[in-house]
J.: 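The structure under discussion is supplied below as structure tokens; questions concerning it will follow.
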Amino acid sequence: MSRSEFAEFLIARRAQLQPEEVGLPSGRRRRTPGLRREEVAALAGVSADYLARLEQGRDTNPSTSVLGALADALRLNDVERHHFGRLALGMEQKETCPTAGQAGEQVSETLRAVIDSMHPTPAFVLGRWMDLLAWNPSWRDFAEPLGLFDESAGGNFANYLFAHPDAQRYFSNWSDAADIAASALRNAQTRFTDDRSLEARITALQRYPEFDRRWREHRVIDYRSRVLLIEHPLRGHVEVEIETLDPAADLSIQVWLVDRRKAQAPGLRLVNE
């Protein structure tokens, strides 16, 4: 991971944290949002000068104790702490990281057979860039009316969410879905630091304000097990539990389970069936 990513995360988190959240008085009107550098440094028990060096990329080897203190000061949750640690580790180990470079996204015949065997449960394969690489008939039947195969989606789940004109209409909790996409891409960037195609995908998405805001905020969530609320044009209100599996470093299988208590969805395997 580039040194700037670690620095940007520190700066973004400091800007999002309010004084009252850490027991400090809000005081007079602040010139910039969030906590001052001196306040975070005091909370973490480090000098403001040292924190400045970290934020400016001039120090790239913080100790484990310093990382823990900064995580506490910034009120990071478990998912954010894990991401924070990977960013710090990547500063010094980029050249030795086995997943740092490029790799072709190939879906093996075995993996295709796996998702086909899940029918009638909707399942599909996502690449590291969130491209839709393979799917079974159940998922296509469910996803096609939503526009996921439209030209404007470009065969990419993240692009669909931010670029397709109907995505926000079909996904009732679209903001949660958008967080999932941004977090998945952030995780991929942390793992594959030299992937130029991934960087190109992220740059293209940054022209959409909702993605750009999430990216600049370094928003990360546990996106592997979530619930999507969908107003399906053919099936009505549908509640979908998603489970994401990682059979390979650069590919993942996503399984969608539709709750039969929430909708009648013929042809799909339902939760609790």
Side-chain angles (χ1 to χ4, degrees), residues 105-109 111-185 187-188 201 204-205 208 210-211 214 221 223-248 250-273:
E105 296 194 309
Q106 301 292 328
V107 181
S108 68
E109 291 303 316
L111 192 53
R112 290 181 186 275
V114 168
I115 63 170
D116 284 343
S117 70
M118 292 181 180
H119 180 77
T121 300
F124 60 102
V125 178
L126 280 174
R128 68 170 71 167
W129 314 312
M130 299 207 77
D131 285 338
L132 305 172
L133 301 179
W135 49 85
N136 62 16
S138 294
W139 192 78
R140 180 164 192 130
D141 288 346
F142 187 79
E144 195 162 29
L146 297 173
L148 275 152
F149 289 90
D150 290 358
E151 185 177 348
S152 59
N156 182 276
F157 189 60
N159 201 58
Y160 165 79
L161 288 172
F162 293 101
H164 195 284
D166 292 327
Q168 293 194 41
R169 179 163 64 93
Y170 289 146
F171 284 74
S172 300
N173 59 341
W174 179 88
S175 182
D176 291 344
D179 286 347
I180 290 171
S183 293
L185 286 170
N187 180 62
R201 172 66 62 187
L205 285 167
Y208 300 106
E210 286 290 350
F211 179 84
R214 285 170 169 79
I221 62 170
Y223 58 86
R224 299 178 188 280
S225 182
R226 310 291 289 190
V227 174
L228 296 178
L229 305 177
I230 298 174
E231 297 298 330
H232 198 280
L234 301 181
R235 307 179 190 276
H237 179 76
V238 181
E239 184 170 308
V240 177
E241 295 181 20
I242 62 173
E243 291 292 337
T244 303
L245 314 172
D246 286 319
D250 55 345
L251 301 175
S252 64
I253 296 176
Q254 195 164 110
V255 181
W256 288 20
L257 299 172
V258 181
D259 194 333
R260 68 178 178 183
R261 297 166 298 181
K262 303 297 182 180
Q264 293 298 315
L268 300 178
R269 180 172 296 162
L270 307 179
V271 178
N272 300 323
E273 187 170 69

J.: Holding to side chain to side chain donor-acceptor pair (under 3.5 Å), I want the full list of residues that pass it with Ser108, two or more places apart in sequence or in another chain.
T.: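 Checked Ser108 against side chain to side chain donor-acceptor pair (under 3.5 Å); zero matches.
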
J.: Should the ring pair Phe142 and Trp256 be called parallel, tilted or perpendicular, given that the plane angle runs from 0 to 90° and is split at 30 and 60?
T.: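 It falls in the perpendicular class, over 60°.
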
J.: With rounding to the nearest 0.5 angstrom, report the OG to CD distance, Ser252 to Glu243.
T.: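 The CD atom of Glu243 is 12.5 Å from OG of Ser252, to the nearest 0.5 Å.
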
J.: Run the numbers on Asp179 and Arg226 for side-chain contact (heavy atoms from CB on, under 4.5 Å), then give the verdict.
T.: CA-CA 11 Å; Asp179 286 347; Arg226 310 291 289 190; over 6 Å; no

J.: Measure the CG-CE distance between Leu205 and Met130 for me, rounded to the nearest 0.5 Å.
T.: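 Leu205 atom CG to Met130 atom CE measures 9.5 Å (nearest 0.5 Å).
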
J.: Is Ile180 close to Ile242 at the side-chain level, that is, under 4.5 Å between some pair of heavy atoms?
T.: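 Sidechains of Ile180 and Ile242: in contact.
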
J.: Looking at Asp131 and Leu133, would you say the former's side chain and the latter's main chain have a donor-acceptor pair under 3.5 Å?
T.: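 Side chain of Asp131 to backbone of Leu133, a donor-acceptor pair under 3.5 Å: no, none is there.
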
J.: Check the orientation of Phe157 and Tyr160. Use parallel for under 30°, tilted for 30 to 60°, and perpendicular for over 60°.
T.: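 The arrangement is parallel - the two ring planes meet at less than 30°.
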
J.: Quickly, which of Met118, Arg140, Gln254 forms a side-chain contact (heavy atoms from CB on, under 4.5 Å) with Phe124? Name it, please.
T.: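 Exactly one option meets the side-chain contact (heavy atoms from CB on, under 4.5 Å) with Phe124, and it is Gln254.
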
J.: Any side-chain heavy atom of Val240 sitting closer than 4.5 Å to one from Val227?
T.: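 They are not in contact (no side-chain heavy atoms under 4.5 Å apart), so the answer is no.
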
J.: Tell me, do Arg235 and Ile230 make a side-chain contact under 4.5 Å, heavy atoms counted?
T.: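 SC-SC contact between Arg235 and Ile230 ruled out.
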
J.: Is there a side-chain contact between Leu148 and Tyr170 in this structure, where contact means two heavy atoms from C-beta onward sitting under 4.5 Å apart?
T.: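 Leu148 vs Tyr170: side chains apart.
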
J.: When rounded to the nearest 0.5 angstrom, what distance separates CD1 in Ile115 from OG1 in Thr121?
T.: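 Nearest 0.5 Å value for the CD1-OG1 distance: 12.0 Å.
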
J.: Could you check Asn159 against Tyr208 for side-chain contact (heavy atoms from CB on, under 4.5 Å), going step by step and ending with a plain yes or no?
T.: CA-CA 10 Å; Asn159 201 58; Tyr208 300 106; 4.2 Å; yes

J.: Could you grab the distance from atom OG of Ser183 to atom CZ of Arg214, nearest 0.5 Å is fine?
T.: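 Ser183 OG to Arg214 CZ: 9.5 Å, rounded to 0.5 Å.
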
